[in-house]
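Some notes on the structure that comes next.
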Amino acid sequence: MRGSVRKRLWLVAGFAAAVAVALPGASQAETLVQALSRAYEINPSLNAARAEVRAIDEQVSQALAGFRPIISAESQFGTTVTETNPDFGTDSTSSIASLGLSVDQNVFDGFRNVNSTKQAEATVRAARASLANTEQNVLFDAAETFMNVLRDEAIVRLRQQNIEVLSEQLRATQDRFSVGELTRTDVAQAEARLAGARFDLSAAEAQLLTSRALYRQIIGADPNNLVQGQPVVHLLPNTIDQAIGIAIHEHPAIVSASFAEESAAFAVKVAEGSLLPELSLRGSVLAQTEPSANINNSITATIVGVLTIPIYQGGQEYSFVREAKQTRAVRRLEIDVARDEVRAAVLSAWGSLQSAFGSIAAANAQVEAADIALEGVREEARVGQRTTLDVLDAEQELLDARVDLVIAERDKVVASYALLSSIGRLSAPGLGLAVREYVPERNYEAVRDQWFGLRTPSGD
């Protein structure tokens, strides 16, 4: 009778492990897609990255300012006292007032404005790609922590169920010891195994607390009635060669590194522009009141062209050029580094996903075999062919198999998201998240050609 009760308890635990969590109320359940949507909208790291891109957008507006005129006004007013003969007290006093307006227009600056604008545009594109990579990382972290909470909840349930089974096993052992069927050693073995199970439960509960804290940090709310997540295998390529090819061409980390190298190339041209002549026009209008004793008012207008030809400026400009070239060389190498890292990530994620599928099949077979073995050991123990330790070992093997199955189910989902991230396609539109997609181009278009204004497009 007790064996039947224990088996029923284990079957309940096995079902919980297979689905990783009992079915919650539909009104309060949170799916993996909902958790990812929440993280996409409110994750502080992601929102900080978006704000950083908006700040970088201003670099293009700043570069375009070099093509525009610089207009300034100047006003002077005061009194002039002139003493010509101190002995006879002859002097004069006059009031001075003037208003001037000047306009400076750059005509040619060694193509520095042109190249500065192109450099800023490449920097913006690099920042957008970097933002896409940050979005991928946040979405993956959210998926991983979601599945970690499910895994740890299931393991805690299994550990709790194990304590119930071992407690019943200890009671049965003590009953048989009291009638002389078992020895004190059998009781001690059952007590030791129960104490170990309680230790394992404490460790599992601590791990669950950690996972729940990370969940709140990344997703922005406490986990509540999570629904088992599903792998995104339908979004993945069919072969590893396809995965690598997609990653090399689409992964935002590689795209960002490529645009960073392009920005560095234009920085070289900007630095070289300091060695070229500069031409600018300056126009001014000056209105004065009583500029001299014989003139009451005057208006003077001038327009001049200024040509500056650099000959030698101390050598600093040459150093800037060399520095820019070295920086560009670094950016080229960073593209290779990004490609190698992405390729390694694809291979690792692909291997993890294949291993997870194999582990699930093996864990299911192990659970089935361990369950049959446990029932057999218990029957043999009843007729004296097995010891209490044999029963405890068989129960532990079944528990370990069910824990392995929980872990394998978690690894399958996480590995699928890792592979999708490694090829550069883990995004809100790709996952079909019910969110308002953040489009960085909107802020860029709003500020690119803005000549005036202190407020940001958001109204700050």
Minimum heavy-atom distance between [X] and [Y], given as atom pair plus value:
X      : Y      : result
Ala363 : Asp404 : CB-C, 4.3 Å
Ile360 : Lys412 : CD1-CD, 3.4 Å
Ile423 : Ile246 : O-CG2, 3.7 Å

If you count the non-hydrogen atoms of other residues, nucleotides and ligands that lie under 6.0 Å from [atom1] in [X], is the total more than 12?
X      : atom1 : answer
Gln313 : CD    : yes
Ile299 : CD1   : no
Leu333 : CG    : yes
Glu52  : CD    : no

Approximate separation, where rounding is to 0.5 Å, of Asp400 CG and Gln366 CD: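 CD of Gln366 is found 8.0 Å from CG of Asp400.
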
Rounded to the nearest 0.5 Å, how far apart are OG of Ser352 and CZ of Phe357?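 Spacing of OG (Ser352) from CZ (Phe357) equals 12.0 Å.
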
So, do [X] and [Y] sit near enough that their side-chain heavy atoms are less than 4.5 Å apart?
X      : Y      : result
Asn133 : His251 : yes
Tyr417 : Leu235 : no
Leu139 : Leu433 : yes
Thr308 : Pro277 : no
Asp411 : Ser359 : no
Lys269 : Phe111 : no
Asn148 : Leu214 : no
Tyr40  : Glu437 : yes

Below 4.0 angstrom, N of the basic side chain to O of the carboxylate: do [X] and [Y] qualify?
X      : Y      : result
Arg436 : Glu41  : no
Arg125 : Glu441 : no
Arg54  : Asp57  : no
Asp152 : Arg410 : no
Glu334 : Arg331 : yes
Lys118 : Glu262 : no
Glu153 : Arg212 : yes

Side-chain donor or acceptor of [X] paired with backbone N/O of [Y] under 3.5 Å:
X      : Y      : answer
Gln105 : Phe67  : yes
Ser422 : Leu419 : yes
Asp371 : Val367 : no
Gln119 : Ala264 : no

When you compare the side chains of Ser280 and Asn106, does any donor N or O come within less than 3.5 Å of an acceptor on the partner?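 Result is no, nothing qualifies.
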
Distance-only polar pair, side chains of Arg159 and Asn162, donor-acceptor under 3.5 Å: no

So, using salt bridge (charged side-chain N to carboxylate O under 4.0 Å, His left out) as the criterion, who are the partners of Glu261 when residues are at least two apart?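 Salt bridge (charged side-chain N to carboxylate O under 4.0 Å, His left out) check on Glu261 returns Arg328, Arg332.
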
